[in-house]
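Here is the structure we will look at, set down as structure tokens.
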Amino acid sequence: MPELPEVETVANELNHKLKNRKVADVEIRAAKIVGVGPATLSPKRSIPPGVVEKFKKIVLGQKFVSVRRRAKLLIFDLSGPWSMLVHLKMTGQFIFEDKILRKATGGQYRLLNKKDAPKVALPAKHTHVIFYFADKSVLYFNDVRKFGYLKLVHDTEVGKVREFLEYGPEPLDKKFTLPAFLTQVKKRPKGKIKQVLMDNKVVVGIGNIYSDEILFHAKVRPTRKVSSLKPNELVAIYRAIGPVLKKGIKAKGSSVGDFVRTDGSWGGMGKFHFVYGRKGQKCKKCGSVIQVVKLGGRTGSYCPKCQV
DNA sequence: TTCAATGTTTAGAC
DNA sequence: GGTCTAAACATTGA
């Protein structure tokens, strides 16, 4: 699933690949995916009339200036006074294709993470938005579950987007200091540490995979209440966050679920997982069997010997 | 046929 | 308001 390292990977790759490309046409095959304006695109919202036409009108003729990341949101800066905010949620994918890539892949891409899943040609069943560029390159947005969204926001209104207003600090930012972390975490003394780490108000970008991995490295069980954590344990958690996320970025993300890079290839983080997705397997450090526990409908994986 | 998976929002209970 | 739980969103695969 895309968490901070996966979204960072997509942002970096698209920033490089889309720079200065001009949109010649947009094809929107699922209206619920797109939006115009700062309002949150909640699942149950009704689709505003004319949103597809509005979206197209704004984007046509625009150039992509840059792509960056805030939390798990992608921010595409357009040459006009508009930005496009994209959330991949759980299964969103971007695949960029130019002549060279098409030649290299034969136009066949991986869209699923199953080892034996056949590669498919794009656009595919779950391709919902397609950007055609003036130089004949193409950007596909795929999303099996349609939870993701592409939202155009006028540059003067980006500050009004609720997601941004509620986000806590970026974990890799210099402002994310130990005291800042402790202040945030201690606001939630009764919360379980894994859920607190995944709360975007505390720190952004950490989801199920990386919270499990961070807690393994900190030797703390996911179910521990914040109030029960000793100072040295909180410090260990804080110190694990940066290195674990940076390792994920270096590996170009973790291909669990449907995450793929923008050329359709898989990220390499999966083989570095110590606990996530390893239920029933042996701990890489001590050989104990990895256990799972339910936390508010989510699964937490941990080593019963390494984590206290 | 039912259930789990996943990120996020929303609603309701205490 | 903090905290917890469950439901909703769409789809697939076990």
Side-chain angles (χ1 to χ4, degrees), chain A residues 1-8 10 29-35 38-47 69-74 85-93 110-118 120 124-128 141-151 161-168 183-213 222-228 253-260 267 269-270 273 276-280 292-301:
Chain A
M1 305 306 115
E3 298 179 28
L4 186 147
E6 289 75 33
V7 180
E8 178 85 10
V10 172
R29 308 171 139 211
K32 72 161 283 183
I33 297 289
V34 300
T40 301
L41 273 65
S42 59
K44 291 173 92 174
R45 87 191 200 288
S46 55
I47 296 165
R69 177 195 62 77
R70 165 80 171 115
K72 295 176 193 167
L73 268 182
L74 290 161
L85 308 185
V86 177
H87 204 302
L88 302 172
K89 290 292 178 89
M90 293 185 283
T91 54
Q93 308 174 328
R110 281 187 203 284
L111 290 175
L112 296 164
N113 192 31
K114 295 289 161 205
K115 283 208 164 52
D116 52 355
V120 299
K125 186 179 169 190
H126 299 298
T127 302
H128 306 307
F141 177 76
N142 308 310
D143 190 347
V144 169
R145 291 176 182 76
K146 292 189 188 166
F147 292 177
Y149 59 77
L150 283 67
K151 177 165 73 171
V161 175
R162 183 156 64 102
E163 291 91 316
F164 288 133
L165 296 174
E166 298 194 347
Y167 282 154
T183 304
Q184 283 300 319
V185 168
K186 285 177 176 173
K187 283 182 185 169
R188 302 277 306 277
K190 291 180 178 173
K192 296 190 177 93
I193 185 61
K194 177 178 167 73
Q195 290 169 305
V196 172
L197 281 179
M198 290 197 293
D199 186 339
N200 277 327
K201 295 187 201 76
V202 175
V203 56
V204 300
I206 299 172
N208 219 14
I209 299 170
Y210 290 93
S211 58
D212 274 358
E213 295 300 312
T223 44
R224 289 279 299 281
K225 269 191 186 176
V226 167
S227 60
S228 80
S254 183
S255 282
V256 172
D258 295 310
F259 177 73
V260 291
M269 181 63 186
H273 291 168
Y276 182 87
R278 300 192 68 245
K279 175 190 175 183
V292 296
V293 64
K294 281 280 174 192
L295 291 116
R298 294 287 167 263
T299 303
S301 306

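Quick note on labels: first sequence line is chain A, next is B, and so on, each numbered from 1. All values below come from the heavy atoms of this structure, side chains included, with hydrogens, waters and symmetry mates left out.
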Would you write out the dot-bracket form of DNA chain C, 5' to 3', with Watson-Crick and G-U pairs under 3.5 Å, [ ] for crossing pairs, | for pairs to other strands and . for unpaired bases?
.||||||||.||||
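The aromatic rings of A/Tyr210 and A/His273 sit perpendicular, their planes meeting at an angle over 60°, well past the 30° parallel limit.
Summary of the strand contacts: A/Leu295 and A/His126 both lie near DNA chain C, and taking for each the nucleotide with the nearest heavy atom, the more 5' one is attributed to A/Leu295.
Rounded to an integer number of Å, the gap from CD1 of A/Ile33 to P of C/dC9 is 15 Å. Atom pair A/Lys201:NZ and B/dT10:C1' shows a separation of 12 Å (rounding to whole Å applied). For the pair A/Lys225 NZ and C/dG2 C1', the computed distance is 12 Å after rounding to whole Å. Atom CZ in A/Phe147 sits roughly 8 Å away from atom C1' in C/dT11 (whole-Å rounding). The NZ-P distance, from A/Lys151 to B/dT8, rounds to 13 Å in whole Å. Rounding to whole angstrom units, CG of residue A/Leu85 and C1' of B/dT8 are separated by 16 Å. Distance A/Gln93 CD to B/dT6 P: 17 Å, rounded to the nearest Å. We find that NZ of A/Lys32 is positioned 5 Å from P of C/dA10, with the value rounded to whole Å.
Relative to the side chain of A/Glu3, the nucleotides B/dT9, C/dA10, B/dG7 differ in distance, and B/dG7 lies closest. If you check B/dG7, C/dT12, B/dT10 against the side chain of A/Arg162, the one that comes closest is B/dT10. Picking from B/dT9, C/dT11, B/dG7 the nucleotide with the shortest atom distance to the side chain of A/Lys72 gives B/dG7.
Under the salt bridge (charged side-chain N to carboxylate O under 4.0 Å, His left out) criterion, A/Arg70 pairs with A/Glu170, not counting sequence neighbours. A/Lys72 pairs by the salt bridge (charged side-chain N to carboxylate O under 4.0 Å, His left out) definition with nothing, not counting sequence neighbours. Partners of A/Val161 by side chain to side chain contact (heavy atoms under 4.5 Å, CB included), not counting sequence neighbours, listed by chain and number: A/Pro38, A/Leu85, A/Lys151, A/Val153, A/Glu163, A/Phe164. With sequence neighbours excluded, the residues satisfying side chain to side chain contact (heavy atoms under 4.5 Å, CB included) with A/Val203 are A/Pro171, A/Phe176, A/Ile206. With sequence neighbours excluded, no residue forms a side chain to side chain donor-acceptor pair (under 3.5 Å) with A/Thr183. With sequence neighbours left out, the salt bridge (charged side-chain N to carboxylate O under 4.0 Å, His left out) criterion links A/Glu213 to no other residue. With sequence neighbours left out, A/Arg298 forms a salt bridge (charged side-chain N to carboxylate O under 4.0 Å, His left out) with no residue at all. Remark: A/Gln184 engages no residue in a side chain to side chain donor-acceptor pair (under 3.5 Å) (not counting sequence neighbours).
Spacing between B/dT8 and C/dG1 at atom P, rounded to whole Å, works out to 23 Å. Atom name P, nucleotides C/dA6 and B/dC3: the rounded distance is 14 Å, in whole Å. Nucleotides B/dA4 and C/dT5 have their P atoms positioned 16 Å apart, rounded to a whole Å.
At a non-hydrogen distance threshold of 4.0 Å, A/Lys187, A/Arg188, A/Pro189, A/Lys190, A/Gly191 from residues 183-199 of chain A come into contact with DNA chain C.
Within the 4.0 angstrom heavy-atom criterion, only backbone atoms of the sugar-phosphate kind lie near A/Lys125; the bases stay farther away. Among the atoms of the strands shown, only primed sugar atoms or phosphate atoms (P, OP1, OP2) are found under 4.0 Å from some heavy atom of A/Asn200.
The pair A/Asp199-A/Arg188 meets the salt-bridge criterion, with a side-chain N (NZ, NE, NH1 or NH2) lying under 4.0 Å from an Asp/Glu carboxylate O.
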Protein-nucleotides 2-5 of chain B N/O pairs closer than 3.5 Å?
from	atom 1	to	atom 2	distance (Å)
B/dA5	OP1	A/Thr299	OG1	3.2
B/dA5	OP2	A/Lys294	NZ	2.3
B/dA5	OP2	A/Thr299	OG1	3.3

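For residues 189-198 of chain A, the side chain to side chain donor-acceptor pair (under 3.5 Å) pairs, not counting sequence neighbours, are A/Lys194-A/Asn208, A/Lys194-A/Ser211, A/Lys194-A/Asp212.
A/Glu6 contributes no side-chain N or O that, together with a main-chain N or O of A/Phe259, makes up a donor-acceptor pair within less than 3.5 Å.
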